[in-house]
Enquirer: 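Sharing a structure, written as structure tokens. Questions coming.
The analysis underlying the following values was restricted to heavy atoms, covering all of them including side chains, and did not include hydrogens, waters or symmetry mates. Ligands are counted one by one from 1 in listed order, and the atoms in each one are counted from 1 as well.
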Amino acid sequence: MSTTNPVVKCTVEQCTHHMPGNQCGAAKISVYNNEATGTSQTSADTCCKSFHHRKTIGDMVGALHNANWGGVITAGMYDGKQITPNVECFVANCKFWETGNFCNAGSITVTGRNASKTDDTDCETYVPKS
Ligand code: SF4
Ligand code: SF4
């Protein structure tokens with residue numbers, strides 16, 4: 001069984017988990033396929049299901065619940081250390097996907113300019129299996 005976990009870079013500033021330096025402060029994120037089709041052909045079809053819009057109070061509670069406090073504290077103590085969540089991924093036709101819903105990429109980049117819902121976010125690192 002794999003224990004690989006990519007470093008997560010994220011540019012989705014509208015998410016409550018987003019932190020300076022394009023880091024994600026969530027304890028765990030889940031990457032999903034396009035909800036309508038259940039598959040992904042391009043990175044635009046993928047999304048970060050753990051996205052929580054900053055403006056919604058209900059979502060703030062969810063975000064606090066999923067906060068990676070250990071990671072935040074560690075980063076504060078060791079200046080410059082990368083904070084990164086555990087990643088589970090359901091995009092089984094990505095070449096980085098591994099059985100058990102792991103991602104074996106060295107790092108992933110989550111994007112979504114002006115995102116207001118999970119569908120607006122993408123795993124930019126997605127590459128279809130050949
Ligand atoms: S969109 Fe996903 S990867 Fe980006 S900060 Fe939010 S939870 Fe983390
Ligand atoms: S790179 Fe592929 S396997 Fe890794 S999180 Fe993104 S879509 Fe999932």
Side-chain angles (χ1 to χ4, degrees):
M1 195 172 101
S2 172
T3 53
T4 58
N5 195 70
V7 171
V8 177
K9 290 278 173 194
C10 179
T11 62
V12 185
E13 292 178 2
Q14 292 75 23
C15 180
T16 49
H17 295 300
H18 185 268
M19 298 183 63
N22 288 336
Q23 300 187 91
C24 170
K28 177 184 174 183
I29 67 166
S30 302
V31 179
Y32 273 66
N33 286 300
N34 178 297
E35 300 234 306
T37 63
T39 60
S40 295
Q41 307 305 323
T42 70
S43 65
D45 289 334
T46 67
C47 64
C48 175
K49 196 79 173 173
S50 308
F51 170 82
H52 284 284
H53 200 273
R54 284 186 191 277
K55 289 199 178 90
T56 315
I57 289 166
D59 282 351
M60 281 288 288
V61 176
L64 290 173
H65 202 68
N66 188 22
N68 185 359
W69 297 119
V72 171
I73 290 161
T74 305
M77 286 166 65
Y78 304 103
D79 215 19
K81 187 174 189 301
Q82 175 74 43
I83 299 166
T84 204
N86 287 320
V87 176
E88 71 171 350
C89 179
F90 297 92
V91 184
N93 75 341
C94 175
K95 84 169 197 186
F96 297 111
W97 187 86
E98 267 187 27
T99 305
N101 298 329
F102 292 104
C103 171
N104 68 20
S107 68
I108 66 169
T109 302
V110 178
T111 57
R113 186 176 276 272
N114 297 323
S116 62
K117 55 188 189 309
T118 55
D119 271 0
D120 298 336
T121 63
D122 303 321
C123 176
E124 203 179 62
T125 311
Y126 168 85
V127 176
K129 261 183 194 146
S130 51

Enquirer: Parallel, tilted or perpendicular for H52 and H17, by the 30°/60° rule?
Expert: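 The arrangement is perpendicular - the two ring planes meet at more than 60°.
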
Enquirer: My understanding is that we take every heavy atom of each candidate and find the minimum distance to atom 2 (Fe) of ligand 1. Doing that for P85, G25, C48, C10, which one comes out nearest?
Expert: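 Nearest option to atom 2 (Fe) of ligand 1, by heavy atoms: C48.
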
Enquirer: When rounded to the nearest 0.5 angstrom, what distance separates OG1 in T118 from CG in D122?
Expert: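 If I round to the nearest 0.5 Å, the distance is 10.5 Å.
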
Enquirer: Please compare H17, K49, H53 and report which has the shortest non-hydrogen distance to atom 7 (S) of ligand 1.
Expert: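 Closest candidate by heavy-atom distance is H17.
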
Enquirer: Transitively linked via ILVMFWY side-chain contacts under 4.5 Å: V8 with V91?
Expert: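 Result: yes, single cluster for both.
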
Enquirer: Any atoms of ligand 1 less than 4.0 Å from a non-hydrogen atom of H18? List them with their elements.
Expert: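 The list of qualifying atoms is 5 (S).
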
Enquirer: Using modelled atom types only, decide if a donor and an acceptor are shared between the side chain of T125 and the backbone of T109 within a distance under 3.5 Å.
Expert: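 Checking the backbone N and O of T109 against the side chain of T125, a donor-acceptor pair under 3.5 Å is found.
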
Enquirer: Got C48 and V12 here, is their nearest side-chain heavy-atom distance under 4.5 Å?
Expert: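 Side chain of C48 against side chain of V12, heavy atoms only: no contact under 4.5 Å found.
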
Enquirer: Are there any protein N/O/S atoms under 2.8 Å from atom 8 (Fe) of ligand 2, and if so, which?
Expert: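 As for protein N, O or S atoms lying under 2.8 Å from atom 8 (Fe) of ligand 2, they are C89 SG.
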
Enquirer: Would you say the side chains of N33 and S40 form a donor-acceptor pair under 3.5 Å?
Expert: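 Indeed, the side chains of N33 and S40 share at least one donor-acceptor pair under 3.5 Å.
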
Enquirer: Can a salt bridge be assigned to the pair K49 and E35 using a cut-off of 4.0 Å between side-chain N and carboxylate O?
Expert: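 Between E35 and K49 there is a salt bridge, with a charged N closer than 4.0 Å to a carboxylate O.
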
Enquirer: Checking T46 side chain against C123 main chain: does a donor-acceptor pair fall under 3.5 Å?
Expert: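 Yes, the answer is positive, given that a donor and an acceptor are paired below the 3.5 Å cut-off.
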
Enquirer: Using a 4.0 Å cut-off to any heavy atom of S50, which atoms of ligand 1 qualify?
Expert: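 By the 4.0 Å cutoff, the relevant atoms are 7 (S).
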
Enquirer: State whether a side-chain donor-acceptor pair under 3.5 Å links S116 with D120.
Expert: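 The answer is yes; a qualifying pair exists.
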
Enquirer: Nearest protein heavy-atom contact for atom 6 (Fe) of ligand 1: which residue, which atom, what distance?
Expert: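 The closest heavy atom on the protein side is C15 SG, 2.3 Å.
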
Enquirer: Name the closest protein heavy atom to atom 8 (Fe) of ligand 1, giving the residue it belongs to and the distance to 0.1 Å.
Expert: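 Result: C24 SG, 2.3 Å.
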
